[in-house]
Every structure is written in C-alpha cells, then in structure tokens.
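Quick note: numbers below take in every heavy atom, side chains included, and nothing from hydrogens, waters or symmetry partners. Start at 1 with the first residue, then count along the sequence.
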Amino acid sequence: PDLESARGRARGFARGAPPRLRPMAPSAVSPPDPVEETLLQQRIRELVRHAAAISWHEKGLEVPEYAPDDPFAPVYNLLRVLKNDFDSVLADRDTMQDRVLRASKLSALGTLTAGVSHELNSPLTAVLGDAEVILEHADGEVVKRSAERIQRCATRMRDIIDQLSVFSRSGIGGTRVDLDVNECAKQARDELAGLLQQRDVKVQLELDATRPVIRCDRAHLKTVLHNVLINASHAYAGHEVAKPHRVILRTERVADKVQIH
C-alpha cells in the first residue's frame with residue numbers, strides 16, 4: 001500500500017476502537033504451532049530492530065521488503081508515515097532557523113549602517129557643497145573636471161550608504177532606474193582616474209554605438225564597473241609589460257541583454 005492508504009489506516013485506527021472479537025469456545029482453540037510461533041517472534045524482533053534503527057535526525061527511511069499479506073505491513077507503513085511527517089517538521093524547523101539567523105544578521109547590519117550613515121553624511125554634504133561652489137567659480141576646465149569627479153564620487157558614497165540601509169531593512173537593493181550603460185562606464189573610468197594613473201593603467205572604452213539602456217540600481221552598476229576596472233588593473237601585477245598598461249572596457253548589446261567585459 002502507498003503512503004496515503006497507510007496514513008488513512010493509521011487515522012482510522014486512531015479515531016475508532018478496534019473491533020471486538022467474539023470469544024471462542026475452549027474446544028475450538030488449537031494449540032500454537034511451534035514453527036509459526038518461532039517465525040512470529042523472529043518477525044517481531046525484526047520489527048523492533050527496524051524501529052530502533054530509525055535515525056530521526058536524518059531524512060528518509062529505508063523500509064525492508066515485505067509481502068503484501070504480511071501482518072506487520074501496516075506497522076511498517078505507519079512508521080514510514082511518521083518518519084515522513086517528522087522529516088517535514090525538521091525541514092520547517094531548519095527553514096525557520098535560517099530565517100531567524102538572517103533576520104539577526106540584517107538587524108546587526110542595520111545598526112552598523114545607521115552609525116556609519118550618521119558619521120559620514122555630514123562630511124559628505126560638506127564635500128558636495130564645496131564641490132558645487134568650486135564648479136560655480138572655477139574658470140579652468142581641469143578644475144571643473146576635478147570638481148565634477150569629486151561630486152560623482154561623493155554621491156556614489158552616499159548611494160552606497162543608502163543601499164546598505166535599504167538592504168538591512170528589507171534584504172533587497174536600491175531603486176531601479178533606466179541607466180545609460182555607456183555613460184556609467186565613462187563615469188566609472190573618470191572616478192578611478194587617480195588610482196589607475198598611480199598603477200600606470202590606461203583605460204580604453206569600446207562602447208556600443210546603440211547606447212544601450214538597462215534598468216537596475218545605479219550603485220550596483222557602478223560597483224560592478226569599478227570591480228571590473230580594479231581587477232583588470234591588478235592583472236598586470238608581477239608581469240613585465242610595457243607601460244602604460246592598457247585595459248579595454250567594452251559594452252555590447254547581445255539580443256535583449258547588455259554585456260560588460
């Protein structure tokens with residue numbers, strides 16, 4: 001019998017009392033067969049060993065083979081039903097423990113992020129304000145480009161802090177917006193210009209002419225682009241290659257996707 005029929009038998013047995021047997025006349029009772037009695041005791045011992053060997057902390061249960069008319073078949077099926085139900089309880093417990101642990105980690109991250117945000121927002125606001133003043137009064141193009149780079153870097157730092165705050169509260173990223181991948185690639189190169197110059201790395205952009213637009217979180221995309229450039233600049237370490245080292249950052253539209261490599 002399958003699990004459903006075994007479960008139905010078990011429930012029916014639990015709901016109702018076993019049928020009452022009519023007493024048999026003493027003359028109708030035959031003496032027990034010694035061979036059958038020995039086989040019965042052997043099967044009982046096998047059943048007890050099987051029940052004792054069940055590992056309740058591991059999933060699954062191996063049920064020994066038995067004939068359909070075996071009188072102990074309902075007991076084996078009942079053990080299998082109980083083990084399957086217990087496995088479901090263990091799985092639910094593990095899922096709940098994972099959720100509690102994740103919530104605890106997010107709570108700790110939220111506390112840390114709140115402190116970092118409080119300490120960094122004030123100086124970032126001052127940096128952004130000073131950069132705006134420089135842009136308004138600067139005459140040279142070099143000063144203007146430097147002030148614009150300062151603004152982008154400070155804004156990105158603020159976005160990262162906001163992103164951590166959102167993640168710690170809900171476990172998801174920031175707001176998704178439509179972004180020009182080519183423009184983000186240019187900004188990532190400019191924001192890392194100082195670091196790349198120190199490493200004698202020159203970034204060459206090969207951007208898709210269709211100017212692909214994707215919908216994603218700005219801070220996430222900037223982090224990906226920065227990691228690509230930084231990892232590429234690290235690849236030259238320990239190699240005797242003519243300087244400046246060249247790194248190619250390419251954007252390419254492939255069907256309905258955009259590749260960055």
Side-chain angles (χ1 to χ4, degrees), residues 1-26 28-116 160 162-176 215-217 219-220 223-224 227 257:
D2 56 12
L3 288 179
E4 292 300 327
S5 61
R7 186 178 283 109
R9 289 184 182 182
R11 290 172 179 171
F13 183 79
R15 286 195 301 265
R20 299 178 63 182
L21 301 178
R22 291 181 300 173
M24 300 180 62
V29 177
S30 58
D33 187 351
V35 177
E36 292 184 357
E37 187 72 15
T38 302
L39 292 176
L40 179 62
Q41 293 179 358
Q42 180 181 355
R43 291 305 310 277
I44 292 176
R45 287 194 295 268
E46 291 177 357
L47 176 61
V48 172
R49 284 196 299 267
H50 173 71
I54 295 176
S55 178
W56 295 98
H57 297 285
E58 296 180 2
K59 293 184 178 180
L61 175 65
E62 295 183 1
V63 180
E65 296 182 358
Y66 51 84
D69 57 348
D70 191 324
F72 292 102
V75 181
Y76 282 114
N77 283 326
L78 179 59
L79 288 174
R80 183 171 58 176
V81 170
L82 292 175
K83 186 62 171 63
N84 287 341
D85 291 343
F86 192 76
D87 288 345
S88 300
V89 173
L90 289 180
D92 294 340
R93 184 203 62 180
D94 294 341
T95 302
M96 186 61 64
Q97 287 180 344
D98 292 340
R99 290 179 179 177
V100 171
L101 180 61
R102 185 170 182 270
S104 177
K105 290 181 178 179
L106 290 178
S107 177
L109 178 59
T111 302
L112 175 63
T113 303
V116 172
I160 291 175
D162 294 341
Q163 179 185 351
L164 286 174
S165 300
V166 172
F167 178 80
S168 64
R169 290 193 301 268
S170 59
I172 59 176
T175 304
R176 294 174 176 266
R215 188 169 185 82
C216 69
D217 176 58
H220 280 174
T223 301
V224 170
N227 289 339
K257 299 181 181 179

field: Pairs where residues 82-101 contributes a residue and the test ring-ring contact (aromatic ring centres under 6.0 Å, His included) is met, not counting sequence neighbours
entry: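 Checked against ring-ring contact (aromatic ring centres under 6.0 Å, His included) - neighbours excluded - the pairs reaching residues 82-101 are Trp56-Phe86.
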For Arg176 and Arg215 the tightest heavy-atom approach is O-NH2, 3.4 Å
So the side-chain hydrogen bond (donor to acceptor under 3.5 Å, both in side chains) pairs with at least one residue in residues 87-96 (sequence neighbours excluded) are Lys83-Asp87
